[in-house]
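Labels below follow one simple rule: chain letters A, B, ... track the order of the sequence lines, proteins then strands, and each chain is numbered from 1.
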Amino acid sequence: MDFQLTSAQRDLASGFRSFCERRFDRDRLRGLVDRDRPPGMVDRELWAELAETGVFCLRLAEDDGGVGLGTAEAALVFEEAGRALLPGPLVATHLAASLPGRVGTGAASGDLVVGLAAADQFPLLVEHLDAVDELLIRSPDGIRRIDRSALRATAIRTPTDPCTPLHHVATVPDGALIADAAAAERLLREGAVLTAALQLGIAGKLTEMSTRYAREREQFGRVIGGFQAVKHLCADMLVRTEVARAAVYAAAVTLDDPEAGDPAVAVPTAKLMADEAATRNGKDATQVHGGMGFTWEVDVHLYLKRAWVHATQYGGPEEHEEALAATL
Amino acid sequence: MDLRYTEAEEGFRAELRAWLASALPTLPGKPDRADWPGRRAYDTAWQRMLFDAGYAGVHWPVEAGGRGATPTEHLIFLEETERAGAPYVGANFVGLLHAGPTINAAGTEEQRRRYLPGILSGDDVWCQGFSEPGAGSDLAALRTRAVRDGDEYVLNGSKIWTSHAEVADYCEMLVRTDPDAPKHKGISWLIVPMDAPGLSVRPLDTIMGTSEFAEVFLDDVRVPVANRVGEENDGWRVTMVTLSFERGTAFVSEVVACRRLLRELASLARAMPRSPDATAWDDTTLRRELGHLTAEFEALWALTKWNVSKASRSGVPGVGGSVFKLRFSETKQKAYDLAHRLLGRAALCVEDVAGLPSGALVDERLSSLSYTIAAGTSQIQRNIVGERILGLPKER
């Protein structure tokens, strides 16, 4: 057993981090939020560049034009995407790349932006619909491809997360089944782990932002990070992040190698721990930043709002907790 | 990232599992918690069995008489012994995890030869004289004095929270050898025989109603200078060596035990009537809480593997132990809070009632309150995380 990143994995993560820093820095993020607002909040040029890095075809075999890596590597990349707060249906498109036919090929190459919604949601809200080329619906019997022309959807005027626009779909039109129940189940598990990885990135970034602020901001003649009350908030953020990290990496490794553990336990564990880390760190980061934390100008709220979005994707706490209780 | 055990590691596990299956039935029954001589006899009997089978000091270096197991093998050892229901280190805790490794790392050849074999065989039981009534989490604020008199030190002062003091043979003790030096500089690390004239032990009763630790009083106790480990006034550095041995794998058995506890609570919930046609398991809130705790302990198990792998690569345990301890101690308390809710009014009895396991569960719940206090309170651990990992300024 050697549950640490290999040097190749470290290189992959740091490589993708520098891509994000180059192509989606804070100015770009704020530009998107405050000025540009492309359709569905997906910048197609950036999407194409993301595809070039191999984000979408990462787990496809090299013979199929992919990078040939595993879920463990994908989790490291998505952690960085979470840290950078990259917008768009990244997980959905990445998962779609493993599906057969035109949808899979288009998703893998970055030519298509693919949305994936769960049929059992109420209300059914679809993310980034104005940017989505293909919309898939996941239900227990399989994955369906929806005919966009038959879809009636109402745009939500003010989505909580400004980077994740939403449409309300009142009735789901019929669609053609493009993958079976086993594929739907697999996508649910992989989606949960990769979304948990995005949350891990958010949790870690919030810890860094808060710690840096606590080291700089002065009150009563001292930096606030010297006050135990503030220091302990930051310490709790780090603890949540590290517990979530162990859970997310373990789940990713277990999906690649089911003999390393039990996916039925590891996957809900990862999603629960990462959702909790991201959302609670979001609240604590707001608190550490004080009045500034409550402003639109400081980025903390963008991270918290995104964490709230992810916490509703690929199973909320009730589902995962019940699934784990059933293993006892 | 590789979570699979190697063939060698699996081989070690299989060999150990087979030995445990044959050895454990020969171990006599567990003594009463309040029976210290009985507890010592039980723990040292187990240590002797480990010694005879070649498992004593499994993680100690071979040259110190141990087995030289890798950190992962040590993890497997702790996982398997807990799974099999074998005793944990118990009375041998300080000797095996603190004093022995410290003497091996910082002691003289003579000290190694004299003290290490007795620890490994279970013949000698050690206790820890670090804490003092006025010091608490501020360990370096200790006041017990050791004044040099020829080739002896004369000790005066007192120690507190000393587990196993009543039955220990030796104490690893911190004493102030230079009262004028800065707080961390004038301390020395001494081996004190517990039968030395002038040393007395007074048991302290805990909230469980039993004595889990004691006060130790030192009244002109004479200890040879040859019993000092490390240089005079260099005891703080030696202490940091001692404490580092505890981190990393200190809670492995506990996490394994907690995962089992949740399964026990689930089957208790399934059997616990709440109305004519429902059991506690039909309570969604309680079920979900059990599910959430499962995630907590699974994640902590993954974090344990992470920390052990990290230590294997770097050779040092690092501060990951504080991160683990903070979350683990609080989660363990939550698990016993849930047990309490499940038991309902049976939780008012520290004994079994109506066929329910309330005796052990309530006792364990009381015991778990010490987890956020012992070995550095949660508040001190948060300071360590904030200052040493996040680089925030020190509290003044």
Hey, is [atom1] on [X] packed in by over 12 heavy atoms from elsewhere, all under 6.0 Å?
X        : atom1 : value
A/Gln287 : CD    : no
B/Glu7   : CD    : no
A/Glu259 : CD    : no

Close side-chain approach of [X] and [Y], heavy atoms under 4.5 Å:
X        : Y        : answer
A/Arg217 : A/Met292 : no
B/Asn383 : A/Gln228 : yes
A/Val253 : B/Asp2   : no
B/Thr284 : B/Arg287 : yes

Heavy-atom pairs under 4.5 Å with chain A, option from [options] with the top count:
options                      : value
B/Ala299, B/Gly386, B/Pro393 : B/Pro393
B/Glu296, B/Gln381, B/Arg270 : B/Glu296
B/Thr294, B/Thr6, B/Thr70    : B/Thr294
B/Glu387, B/Glu298, B/Arg327 : B/Arg327

Is it the side chain or the backbone of [X] that comes within 4.5 Å of chain B heavy atoms, both, or neither?
X        : result
A/Glu208 : neither
A/Gln9   : side chain
A/Leu272 : side chain
A/Val243 : both

Side chain, backbone, both or neither: which part of [X] has a heavy atom under 4.5 Å from chain A?
X        : value
B/Trp281 : side chain
B/Leu75  : side chain
B/Leu326 : side chain
B/Gln379 : both

Discussion item. Under a 3.5 Å threshold, yes or no: a donor from one side chain and an acceptor from the other, between B/Glu289 and B/His292?
Written reply: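 Their side chains do not contain a donor-acceptor pair, so the 3.5 Å distance test is not met.
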Worksheet item: Does the side chain of A/Arg186 come under 3.5 Å of the side chain of A/Ser98 through a donor N or O and an acceptor N or O?
Response: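 A donor-acceptor contact under 3.5 Å links the two side chains.
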Worksheet item: Which of residues 329-336 of chain B have a heavy atom under 4.5 Å from any heavy atom of chain A?
Response: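 The residues closer than 4.5 Å to chain A amount to none at all.
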Item to complete: Enumerate by number any residue of residues 254-269 of chain B whose heavy atoms lie under 4.5 Å from heavy atoms of chain A; in the absence of such residues, state 'none'.
Response: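 Those residues of residues 254-269 of chain B which have a heavy atom under 4.5 Å from chain A are B/Leu262, B/Arg263, B/Ala266.
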Nearest-0.5 Å distance, [atom1] of residue [X] to [atom2] of residue [Y]:
X        : Y        : atom1 : atom2 : value
B/Tyr55  : B/Leu16  : OH    : CG    : 5.0 Å
B/Asp283 : B/Arg288 : CG    : CZ    : 11.0 Å
B/Trp19  : B/Glu80  : CH2   : CD    : 12.5 Å
B/Leu342 : B/Asp337 : CG    : CG    : 12.5 Å

Discussion item. Tell me every residue that passes ring-ring contact (aromatic ring centres under 6.0 Å, His included) with A/Tyr249, counting only those two or more places apart in sequence or in another chain.
Written reply: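 Checked A/Tyr249 against ring-ring contact (aromatic ring centres under 6.0 Å, His included); matches are B/Trp306.
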Worksheet item: Taking only residues two or more places apart in sequence or in another chain, which ones pass ring-ring contact (aromatic ring centres under 6.0 Å, His included) with B/His340?
Response: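 Result, ring-ring contact (aromatic ring centres under 6.0 Å, His included) vs B/His340: none returned.
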Which residue out of [options] racks up the most heavy-atom pairs below 4.5 Å with chain B?
options                              : result
A/Met273, A/Arg212, A/Arg245         : A/Met273
A/Val239, A/Asp2, A/Leu324           : A/Asp2
A/Val223, A/Thr6, A/Asp257, A/Val248 : A/Asp257
A/Gly225, A/Ala247, A/Ala252         : A/Gly225

Worksheet item: Hey, are B/Arg67 and B/Glu73 close enough for a salt bridge, meaning a charged N less than 4.0 Å from a carboxylate O?
Response: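 No salt bridge links B/Arg67 with B/Glu73.
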Discussion item. Using the rule given for side-chain hydrogen bond (donor to acceptor under 3.5 Å, both in side chains), can you reason through A/Thr241 versus A/Asn281, listing the C-alpha separation, both sets of side-chain angles and the distance that settles it, and then say yes or no?
Written reply: CA-CA 8 Å; A/Thr241 307; A/Asn281 280 10; 3.2 Å; yes
